[in-house]
Every structure is written in C-alpha cells, then in structure tokens.
Amino acid sequence: MNDLPKEFDLCVIGTGFQESVIAAAASRVGKSVLHIDQNEFYGGFWSSYNLENFMNHLEVNKAEETDKMCKIRNVNQQWYEFTDEIPEINEWNKEKIIKDSRRFNIDLIPKLNYCNGKLVDLLISSNICRYTEFRAVDKVLTARNGQLDIVPGSRADIFTKKNVSIVEKRLLMKFITQCVEYKADDEKKEETFDFPDDGKFIDLMRQQKLTDNLIHYILYSMCMGNDETTFKEGLDKIRMYLTSIGRYGNTPYLFPMFGCGEIPQCFCRLCAVFGGIYWLGQHVSDVNIIDSDNDEKVVKMKFGDEFITSKKLVCGLDSNLLDINAYPTSHISRAVFITTKPVGGSSVNSELDGGGVVLLYHPIEGSSDGVTMIQLSHFTSCISKGLYLVHLSTPFKKGAQNDLKDFVNTFFREDYSSDDDTKPTVIYSAYFEVPSSIKGHNYVDSQNGPIFYCCGSFAELDYDESIRQSRLLYSKMYPDDDFLPKAPEPEEIIIGDEDETNSSVNLGALADLVIENDKSGDNEGQETVNDDIKAENEHPVDENKDTESTNDIEKA
Amino acid sequence: MEDYKFLFKVVLIGNSGVGKTCLVRRFTQGVFPKGQGATIGVDFMIKTLEVENSAGQREAVKLQIWDTAGQERFRSITQSYYRSAHALILVYDLSCQPTFDALNDWIREIQEYANPKVLKILVGNKTDRDDREIPVRVGEEFAKAHDMYFLETSSKQGENVEKLFYEIAAELIEQARQKGGLSRNHHNSSVTNLGMKNNISSFQSNCCSGGVGTNNNSSN
C-alpha cells in the first residue's frame, strides 16, 4: 500500500488534542509514528468547522442514537424565522449567513488559554508556537443582577473604574499583591494571609474586609469560582489570572486565530516534521495484541488491504476501539449562537462594531458550576464581519437547553425589537452535548499497553488538565524519554555534506546536528540564516496579515 | 536590529517527489541534495534577499520558506499550514504526468484553505530531465486558467530557482506597498505570536507599569 512501512513504534488513531500531543512527543524523540484519523479532517471533537459543515456534522450525529456516550447528542438547531415584516436583522438573514459559511470556524469544544498557562508554556518550550497565532481576549465581563460590567484587569483599569470607591481600590490592590506574594511555607504569613488551605476563599476575603463588589469581581469572575471555592483553589486561580496579565498585553487570556481546531494540528505538524506519517480518512480493523519475535507484546492490525504492526497503539475518544466501560465519560452542555450584536450593548461595548474576544463567566444559582460564554468577532477569523459567534458551555446536568436556559434568557432574546440593543437576537442557535472526561479521575494508571486510550476534553476553560493527562500517559508509555523538548530553530540545524550515507538525517544524529547560535564558518551558505533568526523572534510571521480576509476551512 | 523591511511566508505544495525540498535547499543553501530521504526536524528555511522595488531602490526582504513535512504524501496537509501564507508555490514534475494531473486536487485544496488573496505560482520542476512529459505550453495554460504565475525550474542545475524566489519577493513587496505600506513596523498588534519575546517586556513596561504586571514580575 503505497510503500508504507509495515512496522511502527507507535500508531495513533484520532487527531484530537491528546492523541496529537502524544504523537508529536513520540515522534520528537525519534519514534516512528503512523497517525491516522477516520475523518478526512484533523481534530475530531477538537476540530473547528465552517458553518455548513458544522450544521451537517451535528445533523449526522443527531441521527445516530446508538453508543451515545462517545458521541455528540441531543442536537437541536434552529434559525430565526424571518418574515415579510422582518426579512433581515442588521442586514443579515439565513441565506446571507450561509453564503458566508466558509468564513466560519466553529468549535465543538471552544477553549481559552491563560497567557501564563500550561498550553502557552508547552507551545513555547517545544517551539510549536511557530505554527499558530493568538488573539488576546479583549474583555472579561461579569454580571450582577443581570447587569453586565467589565472586570478590571490592570491597575489602570482598577483606578479608572467608576463603580469602585477609592477605599475599595486600595483594598483590592493590597489583596491582589498579597495573593501574588503569598507562599504556603512562608514563616512571615502574617504579612500576607494566615488561613487554612481548605477554608473558604470567600471567608478569607471577608476577613480581609473586601466589599461585596470586590468579592464579586475576584471570586465569580477572575477565579470563576463560587461560595464553596477553597482558599487554595481560589488562590491558585487568582494567581494564574494575575500572572497571566502582562505577558502578552493587558489580557489574561488568549484565543487561537481560526479557532481551537488549529491547536491539535500544530502538534501534528511537529510530529510530521520529525518524520511522523499522516493519513486522514483511514481506519484500522482486526486489532490484535500478539507476541513479536522477541517476545514483546505488539499490536497487529489491518490497515487498508495489509497488516501493519506497531509496538504501541493509542486510541482517541472517537475511535471505535475505545473500551467505553473502562472509561468514565461525562458530557458538556453546549450552545452555539450567531448574533448581529455583541452581548451587553453599548453599556460594555465602546465601539459596537468592535468586539474581538469576550469572556463572561456566570455562576449558576444553587450549583457549583457556572456558564462560560466566549463571544468571537471577525477579528479571530472565525466569523464574518458584522456577526458574532457565541459559545456557551457548562457541565451537563439535565440537558443542554435546560442547563443554559437561565443564562440565555438573561442575556439573549429570541424575538427582534430594534430599539433594545442590550440583548442580541439569536439568529442561529445550536444546542448539543459533547462527551468529556472527568477531572480528577485517574485515566492512566490502569493502562498497561500496548494499547492506550486517550482522554477527551475536560470541562475546563483551558487545556491544563488535558496537558497533565497527556504528560502522564506519555511518561507511562515512554518513561525514559523527554516530553517535547525544544525543537531546533531552522538555523540551528546544520545539514552535512550530502552523500548517500547521511542524506537522510535521522534523529539519533540530530543532537550532533544541532548547534546553538554557532556563528563559526562551517555552516556554509547559512550565515544569513543564523543572524536572521533573532530578528525573527522579535517580529512575527504575520506582518502582512489581514485579519479581515477570508481564510476558509472546509471539511468533508 | 536586523536590517530588513519585509518578512514573507512562502509555502510549497505539490505531490511527493516533485522536488519541493530540493527547490528550497537549492535556493537557501545553494546545494542540490542527492539523497531521497526527507530531512527530519526542518520545517522552514529562511533567506534574506535584496530586491529592487518599482522606484529603483534596493530593499531587504526576508523569506520564510515552508515545506510540507511529508504530509502531502497521503493528502493530509494540516489546514494551519496554509494560514497566513503570503505566497504559495504549487510544484509539479514536468517529467511525470501524474504530478501534473494532481494539480486540480491541489487547486481545490488551495481554494478551501488558503487566503483567496494569496500569491500563487505554478512551477514545473526538473527542466534538466530529457524525458519531459508536460510541454511548456500546457503548464502555461494551466497557470493562466487558474490565475497563477508560471515558471519552469531545475533545482539540480539551479535554473530559474533564484528567479522564482526573487520574483515572488518583488511581487509581494509591490502588493504590500499597494495595501498601504504594510512593513514589519505595521504589524497588527492584536494578533499575538507567542515567540515575541521582545514585545513581552515592552508590554510590561508600557501597559502594566506598577500594576498587576509588576506583581507578576516580582513573583517570577
């Protein structure tokens, strides 16, 4: 079959986040990797779709009622019913929006990243950051009694905030400083906080005499917490929030340009650069564990018309090989809306045509969970200019529509009255539930190979738990190998004289080929490159980028 | 600070074996790799060139030239490969009809994933071969029909390789100028590239001085 090798160190089925991280990490340290996906596109549940493909994908999955645990379920899509009186809303209607389908990148699982979080660190430490770009989150909103308000980020924000008194500003600055400086084993705890780890964060804030106003900003917005949040959880969250601000501008969060579907692809690209073989739209069958010639367990499987063997096999959540009984799964309730106005109207939007990326976290009354809203404008290359893409997510309780009902009623409307700009009219809505894994569950320890199973996404804002699980699985599979060490810069690789013996550079030799900032003369023809790369780091690739241009994804 | 005015991303696509990697290596390093094996660990090459603009001045341009990393073998190139490319070089082997027949599939892929405004160049590679299967005229016509520039090259002998990249650079400069001088100093600051180490410090000093950002500094 197309002179594909018959033996691999690792075969990975599915191109979701964890599968792609494992494939990249294994390839990076020299394992031979075959990475396939049954779909003709990358990402599985982690993919971004254009509008038509998104609608079709949900329809197709809606039809299947079997094996619900690892499928999208309870899909309900609706378009606003345009009439002769209201043929369009702000110049948009169904036909016009569908015509723009390819300008959309709609995520099944939308995520934000802390600027100081694990994904950003991993992308930088592995040098995978060169494959993607991010948009800074423009605004973090919070709501009190149904009224939306912008959460202050920087000190400047705090001091210009009108509804925060001067006394409150001082209290807030002092509290924030203490949070950042707090060390659990510090002897001088009295200078910061002397408080038990499992005490409630809200009690600490009250002890510190923070007002309800400030507690609201800190606990429900910056920490995405609730009244039960412990001191330790709250402190970790607020510190992550605060240390993220300033790393890439005045924002704690980043969103990937073109949608989150780009993220697994970045890892796949690295895997390919280090020799991984990619083949989309492929299945394996007849999977068996057999004894190899040297008495090791290997996986033999049918691929196309032939059999291949692999020392290890990794299966994603959407591969039909997953042993679901051994794999506790939950769901995330989701909604996707298209609107012509941003949430909150002019009270929180200085330029109504602007937007960008907006985050709103809203606790659900009587529950420890909240609803996370991520609103995207055309600046993310995920939607047409003039439209807004709204993602709602919350852990599954009773069903997507039920779980999100109160939030939707508070901030959106189904009808259209042109004089009310605070609640956007929903032109398109899709409710559904995506499978997720359970945070805190140990998915790795019971796995002994040679077949390993990946987690799905977690009900978290970012990728931190997914990365933690990926590291755990990888170290179980390859305990002696590094996890995604930095890939060399292009100018660090010196390709030796080309003769038949070393024209194909193998990884064992790569260490010898990598030199750090060597400016000595033996890299002939590359002197310019060496000097250039430094400027390269200072100036991003996308200088001529036109964020308003069409960049389309289409998936079969 | 590095002295160049423009930085452009150029990506290569086309079937396996048409000589994409050889084109890049010939241009960036002046060598023609004899072996067939893929070069592991390399995903783009950089070269700075001087190009004369329409006003007759010489300008430094940096090209970042991306290769497919073998993902073209089974038609599994990541969409993100096409993102933010300024120019796209579609290569076929003029001594191999199937690589020319595959161009329609590649055009479809470009239309789906690449920016519609991207500069497109069709390249018939391996003019050194004496078993040509695709006449020049056929290649030219295909390029014309799909709104692409056209050139035939030989990475083995170096024919037209410099010309290819210099013309791309000149055309991209011209386009940038028409768009209103999008030089590197006019980068859209709302898009964040994580490798921008320099900007981090400037953000911290400008935007968050004495504020939360400072706490961040002291805690690290």
Side-chain angles (χ1 to χ4, degrees), chain A residues 42 120 123-124 129 131 133-136 154-156 177 180 242-243 245-250 254 257-258 262 265-266 268-269 272-275 278-280 379 488 490 493 498 500 503-505 507 510 525 528-529 532 535 537-545 547 549-554, chain B residues 1-2 4 7 9 29-31 33-35 37-48 62 64 69-71 73-74 76 78-81 83-84 86 112-113 115-117 176 182 184 186-188 190-198 200 203-204 207-208 210-213 215-216 219:
Chain A
Y42 281 93
V120 171
L123 292 177
I124 292 173
C129 59
Y131 305 133
E133 290 157 356
F134 290 87
R135 165 97 193 173
S154 68
R155 184 178 199 163
T177 309
V180 173
L242 296 170
T243 56
I245 292 174
R247 192 171 183 188
Y248 296 107
N250 191 15
L254 299 173
M257 294 291 293
F258 305 100
E262 298 288 295
Q265 291 186 42
C266 295
C268 293
R269 164 87 190 175
V273 165
F274 283 89
Y278 277 82
W279 206 337
L280 299 177
F379 287 119
I493 299 171
E498 296 288 340
E500 298 306 321
S503 59
S504 152
V505 180
L507 272 162
L510 190 65
T528 46
V529 175
D532 289 346
N537 283 336
E538 291 154 20
H539 305 287
V541 184
D542 60 300
E543 296 166 53
N544 282 7
K545 181 173 208 59
T547 50
S549 61
T550 346
N551 285 274
D552 307 314
I553 296 190
E554 184 153 273
Chain B
M1 184 171 273
E2 177 71 18
Y4 66 89
L7 171 66
K9 176 178 172 181
Q29 301 173 301
V31 294
K34 285 179 208 144
T39 314
I40 284 172
V42 181
D43 61 352
F44 60 85
M45 296 279 206
I46 295 164
K47 184 155 170 164
T48 306
K62 189 151 139 177
Q64 199 184 54
Q71 286 182 322
R73 189 166 163 202
F74 303 114
S76 303
T78 51
Q79 295 100 300
S80 54
Y81 178 68
R83 305 283 192 216
S84 51
H86 299 97
E112 284 179 16
Y113 303 136
N115 186 326
K117 295 174 200 157
L182 283 167
R184 63 176 181 177
H186 291 79
H187 172 248
N188 180 354
S190 65
V191 179
T192 301
N193 184 305
L194 302 183
M196 290 164 66
K197 297 182 189 79
N198 258 25
I200 299 169
F203 273 129
Q204 284 179 343
C207 305
C208 307
V212 179
N215 289 332
N216 170 21
S219 73

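The sequence lines fix the lettering, A, B, ..., with proteins before strands; numbering per chain opens at 1.
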Undergrad: Report the distance from atom CZ of A:Arg269 to atom OG of B:Ser80, rounding to the nearest 0.5 Å.
TA: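 That separation rounds to 8.0 Å.
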Undergrad: Quick one: OH on A:Tyr131 to OG1 on B:Thr78, what's the gap to the nearest 0.5 Å?
TA: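 With rounding to 0.5 Å, OH (A:Tyr131) is 9.0 Å from OG1 (B:Thr78).
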Undergrad: Do any N or O atoms from the side chain of A:Tyr278 and from the backbone of B:Gly70 form a donor-acceptor pair under 3.5 angstrom?
TA: no
Undergrad: Between A:Gln265 and B:Gln79 (side chain of the first, backbone of the second, donor and acceptor by atom type, cut-off under 3.5 Å), is there such a pair?
TA: yes
Undergrad: Using non-hydrogen atoms and a 4.5 Å limit, figure out which bit of A:Leu254 sits close to chain B: side chain, backbone, both or neither.
TA: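 Just the side chain, heavy atoms under 4.5 Å.
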Undergrad: At their closest point, which heavy atom of B:Ser76 faces which heavy atom of A:Leu280, and how far apart are they?
TA: OG-N, 2.9 Å
Undergrad: Any side-chain heavy-atom pair from B:Arg83 and A:Met257 closer than 4.5 angstrom?
TA: no
